[in-house]
Amino acid sequence: MNEEEIRHRQANWFLGGVLLVICTGIGIAITMARADNLYVGIGFVVGLVLCWAVNKFVK
């Protein structure tokens with residue numbers, strides 16, 4: 001694995017992590033507005049799926 005591949009992989013993990021945080025934050029915001037804890041879980045799961053998809057398919 002060369003330096004460019006390592007840098008690309010780190011960028012993918014960073015993007016995936018940002019998407020995870022954003023989706024979880026949206027879930028928390030909706031939960032605060034609607035008082036339903038389900039939205040935090042939905043936001044977290046969507047963020048995990050996006051994080052996985054970024055690291056799996058973005059090359």
Transitively linked via ILVMFWY side-chain contacts under 4.5 Å: Leu19 with Ile42?
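Yes, same cluster.
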Could you state whether Ile30 and Ile22 fall into the same hydrophobic cluster, counting links through intermediate Ile, Leu, Val, Met, Phe, Trp or Tyr residues with side-chain heavy atoms under 4.5 angstrom apart?
yes
Charged N to carboxylate O below 4.0 Å: is that the case for Glu5 and Arg9?
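No, Glu5 and Arg9 are not salt-bridged.
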Looking at side-chain heavy atoms only, is the closest gap between Phe44 and Leu20 below 4.5 Å?
yes
Close side-chain approach of Val46 and Cys23, heavy atoms under 4.5 Å
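Heavy-atom side-chain distance check passes, below 4.5 Å.
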If I take atom CZ from residue Arg7 and atom CG from residue Asn2, how far apart are they, to the nearest 0.5 angstrom?
9.0 Å
Identify the two heavy atoms, one from Val54 and one from Asn12, that lie closest to each other, and give their separation to 0.1 Å.
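Minimum heavy-atom contact is CG1-O, 3.5 Å.
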